[in-house]
Amino acid sequence: MKKIRFLLALAIVALLGISWGKYLYGKERTMSQYSKNITQADNYMKQKLYDRAIQKYTKAIEYKSTEKNWEKLLKAYQLRSEETDIYGKEAADDYIVQLDKAIHTIEPNEDMILELTDSYVKEEEYEEAQNTLKYAESKGIKSKALEEKKEEIRYIYTLNSTKITSFSSYSNDSYAVNNGSYWGIIDSDGELDHEFEYSYLSQSGEDQVRIITKGEDSRLYDKEDKVLGIFDFTVSDAGTYAENKIAVKNGEFYSYYNALAQKQFGEFEQAGTFTEGLAAVKKDGKWGIIDEKGKIKEEYAYDEIVLDNQGHYCNNGIILAKNNGKYSIYNEKFKKIGKFECEEIGVPTEDKLYAFMKNGKWGFVDSEGKEIISPEYDGAKSFSNGLAAVCKDGKWGFITKNNKLVIDYEFTDADYFNENGICIVQCQDPYEESGYTWKVLKLELGLEK
């Protein structure tokens, strides 16, 4: 029995020895294959045989998936991608695919992240570029360069080729735009929705009701293009429809009409949009507030009541008005908020951060009268959807609420951003008689929510 146990133990030891020997032999053979692949790949790189080098580096990575080996493989793909006349456009795509694979296989470094991000930007794949930076952040990779790249991508934009000579500010998902001869409609994404074929278009109002003039025929249409009312004169200027009323200019004055295109009341020098039964109007050089019957509710005592881009005098409980030569901030009952005064002020917006001018320079003030950005600009527009147009040395760009320039001074004028990252900007155009044209600016990634 002892002899049997001894022989059994001896057999086990022998088997272990054989297994260990096979392991050492296999490991030695693996390392030999690995070294051979690396050596061959390095030689192929010197000969610019990138396809062969890629094949060998890929084999080597099967043995050792190290950062150094991935860098060698990526270098082969990169050099291959630069020879587009030989390898074609697909080589660039292959490089991006492998770079993305590397970043998700090994611990990525800042240079790899920036390289992949820039590659996606070059291919105009902005969402992929943004996702790469988000992935880096999730892995704890942070740097000033990555933050700057993130902001650079966030504000990449394109300019639509459609030329515009004039327009109505964004309202109810669209812009009314003119090409110098006719009016058309651009939607909330900056795309031409209705061709330039109308003599006149008013802003889109409540339920997307607007006035459309074709030739000399002017009618009120709803969002389904059904006729609500027909005017007995040609309309070429009007406000925004709301609460069954729209201010329409006929001759020198504005009057309010209902949805049947019937005159209701008033002859005003200027007239705003109704909101909660009230509207701001100008008469005999002064501004006041009227009710839905046309009766005065706030006396004609103001030099100006600033209307927002849809013609409302009150925006989120805030009124901006001029009295005794100075603009101030008021609540909805026309009670002055704080002691803030200025020489000029921008339109009220949902952002509640208004452009203002003092001593010839523009800054920004909040709804409580606190200066958020001190006057430093030659011109400015109130913030809309987190961005504001500002002017220096005759050129306009855009800043964020922390006063950081994110779109450079490249335009001759600018409007306001809508919620989809669309803004109409003015550009120099030597082919236009005026020397300028308006174009649609579109942020490729939209606005940050």
Side-chain angles (χ1 to χ4, degrees), residues 166-178 182-188 193-283 287-298 305 307-316 332 347-348 350 418-419:
S166 61
F167 63 96
S168 296
S169 288
Y170 182 70
S171 177
N172 289 297
D173 297 328
S174 69
Y175 299 86
V177 295
N178 187 283
Y182 296 97
W183 289 81
I185 298 173
I186 287 177
D187 65 19
S188 59
D193 189 48
H194 285 64
E195 294 292 336
F196 293 99
E197 57 180 332
Y198 308 108
S199 301
Y200 173 73
L201 288 172
S202 70
Q203 271 188 323
S204 175
E206 185 179 286
D207 297 326
Q208 297 181 15
V209 172
R210 70 166 83 234
I211 296 174
I212 297 177
T213 300
K214 294 181 180 180
E216 296 182 356
D217 181 76
S218 300
R219 305 183 180 207
L220 267 171
Y221 289 82
D222 65 11
K223 61 183 176 182
E224 296 176 349
D225 290 333
K226 293 179 179 178
V227 177
L228 302 178
I230 303 174
F231 291 89
D232 58 6
F233 61 96
T234 303
V235 177
S236 59
D237 192 16
T240 307
Y241 176 86
E243 300 182 6
N244 194 37
K245 293 178 186 64
I246 182 169
V248 180
K249 191 174 186 181
N250 186 6
E252 296 182 6
F253 297 101
Y254 290 87
S255 302
Y256 285 97
Y257 289 74
N258 64 16
L260 292 171
Q262 298 169 334
K263 183 176 178 179
Q264 300 300 288
F265 55 82
E267 286 190 345
F268 304 105
E269 294 156 26
Q270 291 188 49
T273 303
F274 269 89
T275 176
E276 297 183 1
L278 300 173
V281 293
K282 183 180 181 182
K283 192 171 184 178
W287 285 79
I289 305 296
I290 59 170
D291 67 12
E292 57 191 1
K293 301 294 185 182
K295 295 181 179 180
I296 191 71
K297 299 296 288 184
E298 184 76 25
I305 295 175
L307 306 181
D308 70 14
N309 287 328
Q310 287 74 48
H312 305 112
Y313 76 93
C314 186
N315 187 302
N316 281 316
E332 55 193 356
V347 301
E350 295 289 325
N418 74 8
E419 67 274 11

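Model, not experiment: these values are computed from the prediction.
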Side chain to side chain contact (heavy atoms under 4.5 Å, CB included) with [X]: which residues, sequence neighbours excluded?
{"X": "T213", "value": "S199, Y200, I211, S218, T234, V235"}
{"X": "E276", "value": "none"}
{"X": "S236", "value": "none"}
{"X": "N258", "value": "N244, L260, Q262, Q264"}

Under the ring-ring contact (aromatic ring centres under 6.0 Å, His included) test, which residues partner [X], sequence neighbours left out?
{"X": "W287", "result": "none"}
{"X": "Y175", "result": "Y170"}
{"X": "Y198", "result": "none"}

Exam field: side chain [X] to backbone [Y], donor-acceptor pair closer than 3.5 Å:
{"X": "E350", "Y": "N316", "result": "no"}
{"X": "E243", "Y": "G277", "result": "yes"}
{"X": "D187", "Y": "S174", "result": "no"}
{"X": "D308", "Y": "N315", "result": "no"}
{"X": "N172", "Y": "Q208", "result": "no"}
{"X": "Q310", "Y": "T273", "result": "no"}

Aromatic ring centroids of F233 and Y257 under 6.0 Å?
->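 Yes: the rings meet the under 6.0 Å criterion.
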If you round to the nearest 0.5 Å, how far is [atom2] of [Y] from [atom1] of [X]?
{"X": "I289", "Y": "E332", "atom1": "CD1", "atom2": "CD", "result": "12.0 Å"}
{"X": "N418", "Y": "I186", "atom1": "CG", "atom2": "CD1", "result": "11.0 Å"}
{"X": "Y313", "Y": "L307", "atom1": "OH", "atom2": "CG", "result": "11.0 Å"}
{"X": "D291", "Y": "L278", "atom1": "CG", "atom2": "CG", "result": "7.0 Å"}
{"X": "I246", "Y": "S202", "atom1": "CD1", "atom2": "OG", "result": "4.5 Å"}

Using the salt bridge (charged side-chain N to carboxylate O under 4.0 Å, His left out) rule, collect all pairs that involve [range], keeping only residues at least two apart or in two chains.
{"range": "residues 258-272", "answer": "K263-E267"}
{"range": "residues 201-214", "answer": "none"}
{"range": "residues 225-236", "answer": "E224-K226"}

What closest approach, in Å, do [X] and [Y] show between heavy atoms, and which atom pair accounts for it?
{"X": "E419", "Y": "D173", "value": "OE2-OD1, 3.9 Å"}
{"X": "K245", "Y": "F265", "value": "CE-CE2, 4.1 Å"}
{"X": "G184", "Y": "L201", "value": "O-CD1, 3.3 Å"}

Contact list for residues 203-225, test ring pair (Phe, Tyr, Trp, His ring centres under 6.0 Å), sequence neighbours left out |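 Non-adjacent pairs meeting ring pair (Phe, Tyr, Trp, His ring centres under 6.0 Å): zero.
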Atom CD of E195: over 12 foreign heavy atoms under 6.0 Å =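 Counting neighbours around CD of E195, 12 or fewer heavy atoms of other residues, nucleotides or ligands fall under 6.0 Å, so no.
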Taking distance alone, no hydrogens or angles, what donor-acceptor pairs closer than 3.5 Å link side-chain atoms of residues 247-256 to residues at least two apart or in another chain?
| from | atom 1 | to | atom 2 | distance (Å) |
| --- | --- | --- | --- | --- |
| Y254 | OH | D237 | OD2 | 2.5 |
| S255 | OG | G266 | O | 2.4 |
| Y256 | OH | G272 | N | 3.3 |
| Y256 | OH | G272 | O | 2.7 |

Does V227 reach the side chain of L220, with side-chain heavy atoms less than 4.5 Å apart?
->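 The answer is no, as the side chains (C-beta and beyond) never meet within the 4.5 Å cut-off.
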Compare all side-chain heavy atoms of W183 with those of S166 and state whether any distance is below 4.5 angstrom.
->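 When only atoms from C-beta onward are counted, S166 and W183 do touch, with a gap below 4.5 Å.
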